[in-house]
Amino acid sequence: MGRDTIADIITSIRNADMNRKGTVRIASTNITENIVKILLREGFIQNVRKHRENKKDFLVLTLQHRRNSKGRYRTVLNLKRISRPGLRIYSNYQRIPRILGGMGSVILSTSQGIMTDREARRERIGGEVLCYIW
């Protein structure tokens, strides 16, 4: 685990998804819990449970997988980190990008907390663009 916790959880989820793992264990912080709640609410992951081991809290995520008609494996979850510690990307509510014409989601860190692009547009607040999910 490095200093960028958001990039760490995105990489952990992406690696587990590519390797067809059913579950992922990530460190539990306020930011990661909020991002995981959004992923669960938007339907990108199946289940989340909290696990405590050696006085440290972890989140155990159950990922969704999909097979097409020919039996080939296809990932459901695509994540991309946008704002990073070396280059912060901010956006007002009018210029928040739409991912796949509204099919994907943008996770933003706003003054009201971490939320999706739809919630930020509805509340008319902008913030730091954390990641794209599609």
Value rounded to 0.5 Å, distance of CD1 in Ile38 from SG in Cys131: 8.0 Å
Inter-residue atom distance Asp57.CG - Glu33.CD, 0.5 Å rounding: 7.5 Å
So, [X] side chain and [Y] main chain: donor-acceptor pair closer than 3.5 Å or not?
X: Arg25; Y: Phe58; answer: no
X: Thr32; Y: Ala27; answer: yes
X: Arg121; Y: Ile96; answer: yes
X: Asp17; Y: Ile13; answer: no

Could you tell me which non-hydrogen atom of [X] sits nearest to which non-hydrogen atom of [Y], and how far apart they are?
X: Ile82; Y: Val129; result: CB-O, 3.8 Å
X: Ser105; Y: Phe44; result: OG-CE1, 4.3 Å
X: Leu130; Y: Arg81; result: O-NH1, 3.3 Å
X: Leu100; Y: Gly104; result: CB-N, 4.3 Å
X: Glu128; Y: Ser83; result: OE2-OG, 2.6 Å

Heavy-atom count check: over 12 atoms from other residues, nucleotides or ligands less than 6.0 Å from [X] [atom1]?
X: Ile89; atom1: CD1; answer: yes
X: Arg118; atom1: CZ; answer: yes
X: Arg52; atom1: CZ; answer: yes

Side-chain touch Leu59/Arg49, heavy atoms, less than 4.5 angstrom: no
List in chain and number order the residues that pass side chain to side chain donor-acceptor pair (under 3.5 Å) with Glu123, two or more places apart in sequence or in another chain; answer none if no residue qualifies. none
Please list, chain by chain and in numerical order, all residues satisfying side chain to side chain donor-acceptor pair (under 3.5 Å) with Lys56, sequence neighbours excluded. none
Apply the test side-chain contact (heavy atoms from CB on, under 4.5 Å) to residues Thr116 and Arg41: give CA-CA distance (whole Å), side-chain angles for both, the deciding distance (0.1 Å), then the verdict. CA-CA 10 Å; Thr116 63; Arg41 188 175 59 225; 4.2 Å; yes
Give the cluster check for [X] versus [Y]: same hydrophobic cluster or not, with ILVMFWY residues linked at side-chain heavy-atom distances below 4.5 Å.
X: Tyr90; Y: Ile35; result: no
X: Met103; Y: Met115; result: no
X: Leu61; Y: Ile31; result: yes

